[in-house]
A.B. asks: 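Take this structure, written in structure tokens, and hold onto it; I'll ask about it next.
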Amino acid sequence: MYATQALTQLVPLAADELDKNKVTPGVLGFLVFAALAVGVWFLMKSMNRHMGKVDFEEAPDPAAQRGDTDGEPAQASSGAGTKAAGTKAAASGKG
């Protein structure tokens with residue numbers, strides 16, 4: 001007799017004993033859940049400790065220091081915006 005045939009004959013016997021209202025995860029399920037909860041707690045504690053060590057100061061906005069109120073964002077001094085500025089001037093007829 002093959003193993004699958006034996007299992008198909010045993011399934012109806014197990015179904016009589018199995019009460020679907022009383023099936024629970026059991027002790028193993030609780031232990032796995034508790035281990036995950038403790039692991040997350042330790043990770044959060046470690047993250048809070050590391051975040052407390054971070055010393056961050058935001059650089060001031062250069063446009064706010066110059067007093068620009070045009071409503072346009074300040075362009076980088078590295079020359080990244082010179083092409084866009086040149087096309088804007090050419091479109092308006094200047095220079």
Side-chain angles (χ1 to χ4, degrees):
M1 193 191 262
Y2 294 110
T4 54
Q5 290 176 340
L7 287 178
T8 55
Q9 291 177 359
L10 292 176
V11 169
L13 294 175
D16 293 338
E17 295 177 15
L18 182 65
D19 186 10
K20 292 183 181 182
N21 295 325
K22 292 184 180 180
V23 175
T24 62
V27 176
L28 180 64
F30 173 75
L31 292 176
V32 169
F33 181 78
L36 287 173
V38 169
V40 168
W41 183 73
F42 277 116
L43 284 173
M44 293 296 289
K45 190 174 178 179
S46 174
M47 183 192 70
N48 283 333
R49 188 174 58 242
H50 282 87
M51 291 298 286
K53 293 179 182 178
V54 173
D55 186 27
F56 175 74
E57 288 186 24
E58 188 172 344
D61 188 15
Q65 289 179 349
R66 286 186 281 151
D68 290 343
T69 57
D70 297 347
E72 293 183 15
Q75 294 181 2
S77 61
S78 64
T82 55
K83 184 176 180 181
T87 57
K88 185 187 277 188
S92 64
K94 296 179 183 176

A.B. asks: Are W41 and V32 connected into the same hydrophobic cluster when the rule is that any two of I, L, V, M, F, W, Y join if their side-chain heavy atoms are below 4.5 Å apart?
C.D. replies: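 No, no single cluster joins them.
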
A.B. asks: Taking ILVMFWY side chains as joined if any heavy atoms are under 4.5 angstrom apart, and letting links pass through other members, which residues group with L31?
C.D. replies: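 When side chains under 4.5 Å apart are linked, the cluster holding L31 also contains V27, F30.
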
A.B. asks: Going by side-chain contact (heavy atoms from CB on, under 4.5 Å), name the residues that satisfy it together with S46, two or more places apart in sequence or in a different chain.
C.D. replies: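 For S46 the side-chain contact (heavy atoms from CB on, under 4.5 Å) partners, ignoring immediate neighbours, are R49, H50.
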
A.B. asks: Report whether M51 and L43 are members of the same hydrophobic cluster (ILVMFWY, side-chain heavy atoms less than 4.5 Å apart, transitive linking).
C.D. replies: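 Result: no, two separate clusters.
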
A.B. asks: How does the hydrophobic cluster around F33 look, that is, which other residues are in it when side-chain heavy atoms under 4.5 Å mark a link?
C.D. replies: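 Hydrophobic cluster check, F33: no partners found.
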
